Amino acid sequence: MHTVDIVLLVVLLGALTGIVARYMRGIPLPLIQIALGALLSWPRQGLHIAFDPDLFLALFIPPLLFADGWRIPKREFFALLMPILRLALGLVLFTVLGLGLLIHWLIPGIPLSVAFALAAVVSPTDAVAVAAITRNLGMPARTLHLLQGESLLNDASGLVALKFAVAATLTGAFSWSAAASDFLWMALGGLGLGALLGWGFAVAREAVTRRVGDVAATQLVLLLVLLPFAAYILAERFGASGILAAVAAGVTTNFADLRRSAFIAERMQSEGAWTMMESAFNGAVFLLLGLQLPSIIGGALHAAGDRWWLPIAQALAISLGLLGLRWLWLSLGVLGRLQHGGQRPPAALTLCRTLAGIRGAVTLAGALSVPLLMNDSTPFPAREQLIFLATGTILCTLVIGSIGLPLALRLLPPAGEEAATREEREARLAACRAAIAYLVQTPRKAQTTDPEQLTQQQEAAGRLTQDYRKRIDLLDEAEDARTPETQADAPDAVRERRQRYLVEMDLRLQTLRVERDTLYAERHAQRINDEVLRTLVAELDLSEVSLRRRIAAARRTLGVPARDDGG
């Protein structure tokens, strides 16, 4: 099958599985996609795709990592930078050494250098898999940011360890100085090149929009979509880490976006484009992983013969050893104590962080990149076994994380209001109060002396001020103490007032939808054309997006469950 056909097919299947997952809410989407890929390729006449690790890494991984770097909260990321580096560097090295020795002891037939190569392959967590499994599980915000940062940065250390373990197998020699210098260049070079490219794009974009405004939004979004591929390819050409380059480009671009508050069209198109790409490429990654499973597993089980259970038991033992080393590092290391005021973190939280150490398709790509032959043209020792065990580790960590994480999260005490939720409410309050302050000054700034126009302006400012005060009543908990009702009746009165405002916003949302249905009816009756329809519907869509977000915030304040219709 042609490469273009393969890419289109897996993207199509990724979209379809995303729809299917809406009807199977109890099963994580990555497991559904892996299972579908395995079913498609299991029969002898099934869909068999040659997995090219270099093509896979260049095509699917850069945009996903760029998007993660773009979206991750930068304040929390840099506040947690040292703990993240301890996981991305220290834990990876600890895992390579500890798990490598465990693998060699468990399976003596695997040479020690190959055991270290396998440990290096499975040592980094996978950003795509971690995001797919932990999303919407209610993970504590600090832990979630820690896991995100770890998975974005630990690929470089794992791949460098793999490179030198393979080199030691091929040549029989290993150099710590060469390993350290290569790692520094791959990590710092990748981060530097990615940041430089992201900064260059930001400067060029600023120059263009300073001249033409938001007119070129579509073209700039297209260039933004291509930016992670450019960062990855450029870094790989210079021998640096393309993965870290894509992450650094995403982080840098996000910083540049903070100065672009006025470019609404570009911002909305960017959000839509990245949401679509993340959904499609996430699905493609797990489908490709599933498509490889039957041939990898079938080959290993066939080679084992009557002892078919042995490689399965070995994969499970390695997975448990991997998670055990992670738990040991998190429990006994300095990471947890630094984040909990010098005290050891709760055991349930450590368990959650351990189970979230999920491996994914990057691990499979690394395993498949191991050469077929030694320098003397003999087969690379235990290569097929290495690939099978790496694949088994991916499946085990995915299944254990998917089942165990929701259960472990139930053991955590109620966290109360998340910092992000509180900050969102305070920011909404600040925006509303600033708007009211502006409306108070508006009559004084009026450039007309016509009494009728001044009256109209004052009436409009009064209506808008009343709307903003309703929002403040909904958001500001301090208003409870300032209400004129008695202390006993105040909570009920405040809640009733907030519920009335929520009812009003719900009614506004319904009227917007009635307006839109009417516009479509006008088009069906040929009373307006498509251009007029698109213009008017776009205005209503923007209003509905804003209103739906306000309704969602109001429901959170009142403790009312969110609805599936977006209202």
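Because the structure is a prediction, the values reported are computed rather than measured.
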S.K.: Are Trp185 and Phe238 close enough that their ring centres sit under 6.0 Å apart?
M.R.: no
S.K.: Indicate yes or no: at least one non-hydrogen side-chain atom of Leu287 is less than 4.5 angstrom from one of Ile34.
M.R.: no
S.K.: Rounded to the nearest 0.5 Å, what separation is found between the OG1 atom of Thr363 and the CG atom of Asp155?
M.R.: 8.0 Å
S.K.: In Å and rounded to the nearest 0.5 Å, what is the CG to SG distance from Leu409 to Cys352?
M.R.: 4.0 Å
S.K.: Quick check: does any side chain N or O of Arg433 sit under 3.5 Å from a backbone N or O of Ala431, one acting as donor and the other as acceptor?
M.R.: no
S.K.: Could Arg548 and Asp506 be called an ion pair, given the rule that one side-chain N must be under 4.0 Å from one carboxylate O?
M.R.: no
S.K.: So, Ser543 side chain and Glu539 main chain: donor-acceptor pair closer than 3.5 Å or not?
M.R.: yes
S.K.: Using side-chain heavy atoms (C-beta onward) and a distance below 4.5 Å, is Pro30 in contact with Ile133?
M.R.: yes
S.K.: Side chain of Ser157, backbone of Asn154: donor and acceptor closer than 3.5 Å?
M.R.: yes
S.K.: Nearest 0.5 angstrom please: Leu222 CG to Gln269 CD, how far?
M.R.: 10.5 Å
S.K.: Under the 3.5 angstrom rule, does the side chain of Asn254 hit a backbone N or O of Trp70 as a donor-acceptor pair?
M.R.: yes
S.K.: Any carboxylate oxygen within less than 4.0 angstrom of a Lys/Arg side-chain nitrogen, looking at Arg142 and Glu76?
M.R.: no
S.K.: Does some side-chain heavy atom of Leu87 sit less than 4.5 Å from a side-chain heavy atom of Thr125?
M.R.: no
S.K.: Is Glu544 salt-bridged to Arg516, cutoff N-O under 4.0 Å?
M.R.: yes
S.K.: If you measure from the Lys or Arg side-chain nitrogens to the Asp or Glu carboxylate oxygens, is any gap between Glu271 and Arg71 under 4.0 Å?
M.R.: yes
S.K.: If the test is side-chain contact (heavy atoms from CB on, under 4.5 Å), which one of Leu289, Asp126, Leu288, Val285 qualifies with Leu364?
M.R.: Leu289
S.K.: For Leu519 and Ile528, which heavy atoms make the closest approach, and how far apart are they?
M.R.: O-CD1, 3.6 Å
S.K.: State which residue, out of Tyr232, Phe281, Trp274, Phe229, fulfils the ring pair (Phe, Tyr, Trp, His ring centres under 6.0 Å) condition with Phe66.
M.R.: Trp274
S.K.: Determine yes or no for a side-chain-to-main-chain donor-acceptor pair under 3.5 angstrom, with Glu236 supplying the side chain and Gly242 the backbone.
M.R.: yes
S.K.: For the CZ atom on Phe78, are there more than 12 heavy atoms of other groups (residues, nucleotides or ligands in this structure) within a distance under 6.0 Å?
M.R.: yes
